[in-house]
Protein chains: 2
Amino acid sequence: MEAEGERYTITDLAREFAVTPRTIRFYEAEGLLAPERRGTTRLYGKADRARLAWVLRGRAVGFSLSDIRELLDLYTPGSDNRAQREAALAKTEQRLAALRAQRDAIDSTVTELEQFAATLRSRL
Amino acid sequence: MEAEGERYTITDLAREFAVTPRTIRFYEAEGLLAPERRGTTRLYGKADRARLAWVLRGRAVGFSLSDIRELLDLYTPGSDNRAQREAALAKTEQRLAALRAQRDAIDSTVTELEQFAATLRSRL
DNA sequence: CCGCCAGTTGACGCGAACGTAAAGGTCATG
DNA sequence: CATGACCTTTACGTTCGCGTCAACTGGCGG
């Protein structure tokens with residue numbers, strides 16, 4: 001089976017995710033994407049689209065591109081020996097801890113901004 | 001009253017918040033801090049300390065330094081006419097919306113990473 | 001007075017994440 | 001066949017957030 005399904009051009013994805021084609025090519029140069037080619041033109045499938053979505057959400061939560069590459073590499077099992085899986089688990093849990101801390105920081109900031117907004121409204 | 005209270009040196013604050021003095025000076029150059037001087041040496045008070053804490057938490061949630069400066073400027077009322085307060089309120093609520101969106105992104109990512117961690121553990 | 005530490009101001013450097021030409025290939029359409 | 005739309009690569013430019021000297025200035029202990 002030759003992976004039937006939607007194919008997207010680079011500008012399709014760029015529009016859908018509100019980034020520039022340049023950005024998508026840059027992610028490919030960084031090893032985050034690897035679309036097929038028809039000639040020289042890139043052709044993206046469902047999986048590529050999902051990876052791109054992952055990358056962009058990673059970026060939205062503050063991950064660096066190399067962070068994201070690392071996580072994506074964990075997702076795609078590769079040669080699966082025990083030590084590698086344990087390392088992957090450890091790294092994943094580190095990320096989780098950092099994310100929860102970040103969410104706490106966001107919550108504090110939100111609370112503070114809400115109070116500030118309230119006092120602003122009260123003075124109108 | 002001459003604002004009695006603790007005074008901190010730059011390295012005091014640097015240690016307390018786990019940043020380098022260079023970082024603190026940089027924030028001052030960016031207009032985020034404005035400590036007193038005894039001669040040329042910087043002296044930080046409680047308010048400066050609080051501002052620094054704000055800056056660092058802002059950075060932790062992904063704000064740029066100019067974002068942070070903007071928010072700090074809103075906090076310090078300045079010349080308080082009605083239009084300005086309404087603008088401040090609008091900007092504050094934009095920030096709030098962005099922060100909530102970011103928290104949602106974090107929650108999604110956390111959920112996904114948790115599932116991934118679970119499958120990793122099940123394969124050990 | 002000497003050395004040393006802690007502070008200061010430039011000024012240049014750097015990695016990350018793209019933007020922005022410059023120069024060209026390919027394909028449809030009039 | 002020429003024009004335009006869309007794709008490509010190569011390569012240099014830019015912004016942000018500091019790091020890293022370099023060179024200097026007090027203040028303090030011995």
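Keep in mind that what you see is a predicted model, and the values were worked out from it rather than measured. In what follows, chains are A, B, ... by sequence order, proteins preceding strands, each numbered from 1.
As a whole-Å value, the separation of A:R7 CZ from D:dC6 C1' is 20 Å. If you take CZ of A:F26 and P of D:dT14, they are 17 Å apart, rounded to a whole angstrom. Here D:dC16 presents its P atom at 15 Å from CZ of B:R22, a figure rounded to the nearest Å. Distance CZ (B:F63) to C1' (D:dC16): 17 Å, rounded to an integer number of Å. Distance A:E28 CD to C:dC18 P: 15 Å, rounded to the nearest Å. Going from atom CG of A:D67 over to atom C1' of C:dA16 covers 11 Å, rounded to whole Å. Rounded to whole Å, the distance from CD on A:E30 to P on C:dA16 is 8 Å.
Picking from D:dT9, C:dT8, D:dT20 the nucleotide with the shortest atom distance to the side chain of B:R37 gives C:dT8.
Between the two ends of the helix from C:dC1-D:dG30 to C:dG30-D:dC1, each summarised by a five-pair axis, the helix axis turns through 10° (rounded to 10 degrees).
Every residue was checked against the salt bridge (charged side-chain N to carboxylate O under 4.0 Å, His left out) condition with A:R38, not counting sequence neighbours, and none meets it. Under the salt bridge (charged side-chain N to carboxylate O under 4.0 Å, His left out) criterion, B:K91 pairs with B:E70, not counting sequence neighbours. Here A:S66 pairs with A:S64 under the side chain to side chain donor-acceptor pair (under 3.5 Å) rule; sequence neighbours left out. Residues forming a side chain to side chain donor-acceptor pair (under 3.5 Å) with B:T41 (at least two apart in sequence, or on another chain): none. For B:D107, the side chain to side chain donor-acceptor pair (under 3.5 Å) partners at least two apart in sequence or on another chain are A:R103.
Counting only residues at least two apart or on different chains, the ring-ring contact (aromatic ring centres under 6.0 Å, His included) pairs with a member in residues 87-120 of chain B are A:Y75-B:F116. Identified under the salt bridge (Lys or Arg N to Asp or Glu O under 4.0 Å) test for residues 13-22 of chain B, with sequence neighbours left out: B:E16-B:R49. Within the structure, salt bridge (Lys or Arg N to Asp or Glu O under 4.0 Å) pairs that include any residue of residues 112-124 of chain A comprise A:E112-B:R57, A:E114-B:R100, A:R121-B:E93, A:R123-B:D80 (at least two apart or interchain).
For B:T20 and D:dG19, the shortest distance from a side-chain N or O to OP1 or OP2 is below 4.0 Å. Close to D:dG17, at under 4.0 Å from its OP1 or OP2, lies no side-chain N or O of B:T23. At C:dC18, one or more side-chain N or O atoms of A:Y27 fall inside 4.0 Å of OP1 or OP2 (strictly under the cut-off).
At least one side-chain heavy atom of A:L65 sits less than 4.5 Å from a side-chain heavy atom of A:I68.
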Side chain to side chain contact (heavy atoms under 4.5 Å, CB included) between B:L43 and B:Y8, intermediate numbers included: CA-CA 6 Å; B:L43 273 186; B:Y8 314 89; over 6 Å; no

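Taking CG from A:L13 and CG from A:D48, the interatomic distance works out to 8.0 Å, rounded to the nearest 0.5 Å.
Proximity of residues 44-62 of chain B to DNA chain C (heavy atom under 4.0 angstrom from any strand atom) is not detected for any residue.
At a threshold of 4.0 angstrom between heavy atoms, the contacts of B:S66 with the nucleic acid are absent.
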Quick one: side chains of residues 23-33 of chain A, donor-acceptor pairs under 3.5 Å with protein atoms, not counting sequence neighbours, listed by atom name and distance.
{"unit_1": "A:T23", "atom_1": "OG1", "unit_2": "A:T20", "atom_2": "OG1", "d": "3.1"}
{"unit_1": "A:Y27", "atom_1": "OH", "unit_2": "A:R59", "atom_2": "NH1", "d": "3.3"}
{"unit_1": "A:E28", "atom_1": "OE1", "unit_2": "A:R42", "atom_2": "NE", "d": "2.6"}
{"unit_1": "A:E28", "atom_1": "OE2", "unit_2": "A:R37", "atom_2": "NH2", "d": "3.2"}

Review item, nucleotides 4-7 of chain C N/O atoms under 3.5 Å of protein N/O:
{"unit_1": "C:dG7", "atom_1": "OP1", "unit_2": "B:T9", "atom_2": "OG1", "d": "3.3"}
{"unit_1": "C:dG7", "atom_1": "OP1", "unit_2": "B:T11", "atom_2": "OG1", "d": "2.4"}
{"unit_1": "C:dG7", "atom_1": "OP2", "unit_2": "B:T11", "atom_2": "OG1", "d": "3.1"}

